[in-house]
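Because only heavy atoms are used, hydrogens play no part in the values below, and waters and symmetry mates are left out as well, while side chains stay in.
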Amino acid sequence: MDFPAKINSVLPESLFCKVNEEVASIETEYVFNNGSLQRSSRFLGQLNRWDRIIYYKAATHTLLKVKRVLQKDIRLAKMHSGGKLFGSQPEFHTDFDEDYLYTFVLFTNLHWNTNWGGEFVARDPHTEEYKYVPYIPNNGVLVPSNWEHTGNPPISVDAGLRTSVAFMYCETDRYDEFLSKYPAYRLYS
């Protein structure tokens, strides 16, 4: 399997617009945390938003597309939405250390000019090569959760907030192992 794997036209238009509305509320709900249990760096985003039904709808729809790419049975382990503004610093991170978890990042802005930057960057641990995926609305990218990755901020003030939603999926036959190591994520099941 070649990573990062790009998936185009991820959600139906009506669902994509609803996800955009929900994630756009980041602008009025500033919560600074990168969503990691291991790190203390700052990241503009929404953490522990499991009460947002629209994210579950998007996660379910996305799961089917990710399954097709991976050719594995998977289930939702975690989700996180976030945003970056012009001038913010990209920070490479891993979502999990295990090799049975995968991160799918959905690009959620309704409109985006590629001249604004905002690309997704992943470091392939096997080749040590950095791989770039342009930020295109309603497209997304899949990487193993243990790969270092980041979303670059906009390079123009005109872009506004660059938003995304990350869905982390676990191989189904390792899900109990995942929950024993990360019991806080039982809320997603």
Between atom [atom1] of [X] and atom [atom2] of [Y], what is the distance when rounded to the nearest 0.5 Å?
X      : Y      : atom1 : atom2 : value
Tyr169 : Leu76  : OH    : CG    : 6.0 Å
Tyr182 : Met168 : OH    : CE    : 11.0 Å
His149 : Asp95  : NE2   : CG    : 3.5 Å
Ser164 : Tyr135 : OG    : OH    : 6.5 Å
Ile54  : Asn20  : CD1   : CG    : 11.0 Å
Ile155 : Trp116 : CD1   : CH2   : 11.0 Å

Going by atom types only, do [X] and [Y] share a side-chain donor-acceptor pair under 3.5 Å?
X      : Y      : result
Ser145 : Lys78  : no
Asn146 : Asp97  : no
Thr163 : Thr108 : yes
Asp173 : Tyr100 : no

Side chains of [X] and [Y]: does their closest heavy-atom pair fall under 4.5 Å?
X      : Y      : result
Glu128 : Arg123 : yes
Phe107 : Pro137 : no
Val143 : Phe104 : no
Leu142 : Pro4   : no
Leu64  : Thr60  : no

Member of Asn152, Thr114, Thr150 meeting the side chain to side chain donor-acceptor pair (under 3.5 Å) criterion with Glu119: Asn152
Where is the tightest heavy-atom contact between [X] and [Y], given as atom of each residue plus distance?
X      : Y      : value
Trp147 : Ala122 : CE3-CB, 4.0 Å
Pro153 : Leu85  : CB-O, 3.5 Å
His61  : Pro12  : NE2-CD, 3.4 Å
Tyr55  : Val23  : OH-CA, 3.5 Å
Asn115 : Asn113 : N-OD1, 2.8 Å
Phe178 : Cys170 : CB-SG, 3.8 Å

Is [X] reaching over with its side chain to a backbone N or O of [Y], donor-acceptor style, under 3.5 angstrom?
X      : Y      : value
Trp112 : Gly117 : yes
Ser88  : Lys84  : no
Asp73  : Thr172 : no
His93  : Glu91  : yes

Parallel, tilted or perpendicular, as decided by the 30° and 60° cut-offs, for the rings of Tyr130 and Phe92: perpendicular
Stepwise side-chain contact (heavy atoms from CB on, under 4.5 Å) check, Val105 with Val165: CA-CA 6 Å; Val105 178; Val165 177; over 6 Å; no
Give a yes or no on whether [X] and [Y] share a hydrophobic cluster (residues Ile, Leu, Val, Met, Phe, Trp, Tyr; joining criterion: side-chain heavy atoms under 4.5 Å apart).
X     : Y      : result
Leu11 : Ile7   : yes
Leu63 : Val141 : yes
Val10 : Ile136 : no

Ring centers of Phe167, Tyr102 separated by less than 6.0 Å: no
Lys181 and Glu98 ion-paired at < 4.0 Å: yes
Cationic N near anionic O, under 4.0 Å, Glu177 to Arg174: yes
Derivation and outcome, side-chain contact (heavy atoms from CB on, under 4.5 Å), residues Arg162 and Phe86: CA-CA 9 Å; Arg162 174 218 185 263; Phe86 171 77; over 6 Å; no
Is it the case that atom [atom1] in [X] sees more than 12 heavy atoms from other parts of the structure closer than 6.0 Å?
X      : atom1 : answer
Asp2   : CG    : no
Lys6   : NZ    : no
Lys131 : NZ    : yes
Gln71  : CD    : yes

side-chain contact (heavy atoms from CB on, under 4.5 Å) between Phe96 and Tyr185, worked out: CA-CA 12 Å; Phe96 293 100; Tyr185 296 119; 3.9 Å; yes
